[in-house]
Amino acid sequence: MNIVIFGPPGAGKGTQSKFIVKKFNLYQLSTGDLLRNEIKNKTKLGSKISSIINSGELVSDEIVGNLIEKFVSNDSYKNQIIFDGYPRTIIQAKNLDNLLNKYKQKIDIVIKLSVSLETIKKRISERQVQEKRTDDNDEIAIKRFKTYEKSSKPVMDYYIQSNLLKVINGEAEISEINSEISGLIDAIKG
Ligand code: ADP
């Protein structure tokens, strides 16, 4: 099964993905982590994208598309991927469908974690203390939220149309969200 986990920055996508990975034996594909790795390893791509990420804007659809193809094309991950932070634009959503099609796969469910801007600000400033991400300060966090608001609506509409979208309250306790997600996944596993 392939899952998309969707929601604003600080919604808890990473936390929930890690839980699903363990429980359902899947692989987490976080485009944010892949991009940060490029920066950490000082690759050519890393130097190109660091200023974009630190301004709260999105990296180009082409760059992230190339990064995810490496995963989708790899047989060891076939039908076992959680897409965390991808797709974020309608172009990415369509690219993902085409790519999965090409490798005879599909998305089984899209889980959206819904969280208010107020909660996001609080969570991101806590995360800033723990993880020291260069894009986790108040100003850039708000910018990232605005970027999300601008690009997410068409993506949501796209998944509503294909009947894949399930919305979960991301403000609940972590364990509560865990069990809601498990319930949804169990239901589609049949
Ligand atoms: P968050 O969801 O908390 O913003 P991520 O780790 O998912 O954190 O992403 C961090 C940054 O990486 C984003 O603000 C963006 O610049 C870039 N990024 C991640 N995923 C994508 C994507 N699918 N398309 C374009 N840019 C992306």
Side-chain angles (χ1 to χ4, degrees), residues 2-21 27-41 43 45-72 81-100 107 110-156 158-159 167-168 170-171 174 177:
N2 293 312
I3 300 173
V4 168
I5 186 148
F6 196 82
K13 300 185 293 285
T15 307
Q16 295 302 329
S17 297
K18 288 190 176 72
F19 159 79
I20 308 170
V21 160
Y27 296 94
Q28 178 186 8
L29 194 173
S30 157
T31 42
D33 285 350
L34 291 177
L35 294 168
R36 276 187 291 279
N37 267 340
E38 297 287 330
I39 298 174
K40 201 173 98 203
N41 297 333
T43 64
L45 177 61
S47 65
K48 207 165 136 187
I49 61 180
S50 76
S51 63
I52 305 172
I53 289 188
N54 289 324
S55 69
E57 302 277 353
L58 293 179
V59 171
S60 78
D61 295 326
E62 194 192 345
I63 289 176
V64 280
N66 289 337
L67 284 177
I68 67 150
E69 178 149 15
K70 288 187 193 139
F71 259 81
V72 176
I81 305 176
I82 301 179
F83 295 93
D84 162 9
Y86 190 94
R88 289 193 194 212
T89 65
I90 185 70
I91 293 175
Q92 291 180 14
K94 290 181 177 165
N95 284 347
L96 180 58
D97 275 350
N98 290 334
L99 195 62
L100 287 170
I107 299 166
V110 178
I111 298 170
K112 182 192 171 189
L113 295 172
S114 205
V115 182
S116 70
L117 177 57
E118 210 179 311
T119 305
I120 286 164
K121 280 196 217 156
K122 216 175 92 213
R123 288 187 186 168
I124 287 183
S125 56
E126 285 162 10
R127 186 164 77 181
Q128 166 74 347
V129 179
Q130 289 160 4
E131 293 179 21
K132 305 214 164 29
R133 264 173 55 169
T134 48
D135 61 346
D136 266 356
N137 67 47
D138 289 352
E139 195 189 324
I140 302 171
I142 292 168
K143 180 74 211 305
R144 277 157 55 213
F145 184 79
K146 294 213 163 117
T147 304
Y148 167 82
E149 280 195 313
K150 245 194 293 174
S151 58
S152 64
K153 174 95 179 27
V155 181
M156 290 297 88
Y158 185 71
Y159 289 129
V167 182
I168 285 191
E171 309 254 353
I174 291 181
I177 303 175

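All ligand and atom numbering here is 1-based and tracks the order in the structure. In this text, all values refer to a predicted model and were calculated from it rather than measured experimentally.
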Just list the side-chain donor-acceptor pairs under 3.5 Å for residues 3-17, sequence neighbours left out, or say none.
unit_1, atom_1, unit_2, atom_2, d
Lys13, NZ, Gly7, O, 3.0
Lys13, NZ, Pro8, O, 3.2
Gln16, OE1, Asn178, ND2, 2.6
Ser17, OG, Lys13, O, 2.7

- Query: When you look at CD of Glu139, are more than 12 heavy atoms from neighbouring residues, nucleotides or ligands closer to it than 6.0 Å?
  - Reply: no

- Item | ring-ring contact (aromatic ring centres under 6.0 Å, His included) involving Phe71 - partner list, sequence neighbours excluded | Tyr77

- Message: Under 4.0 Å between a side-chain nitrogen and a carboxylate oxygen: does that hold for Lys94 and Asp97?
- Response: no

- Neighbouring protein residues of ligand 1 - any heavy atom closer than 4.0 Å: Pro9, Gly10, Lys13, Thr31, Gly32, Leu35, Arg36, Ile53, Glu57, Leu58, Val59, Val64, Gly85, Tyr86, Arg88, Gln92, Arg127, Arg133, Asp135, Arg144

- Using side chain to side chain contact (heavy atoms under 4.5 Å, CB included) as the criterion, list what pairs up with Thr31, not counting sequence neighbours. Leu29, Val64, Ile68, Tyr86

- Query: Is the shortest side-chain N to carboxylate O distance from Arg144 to Asp136 below 4.0 Å?
  - Reply: yes

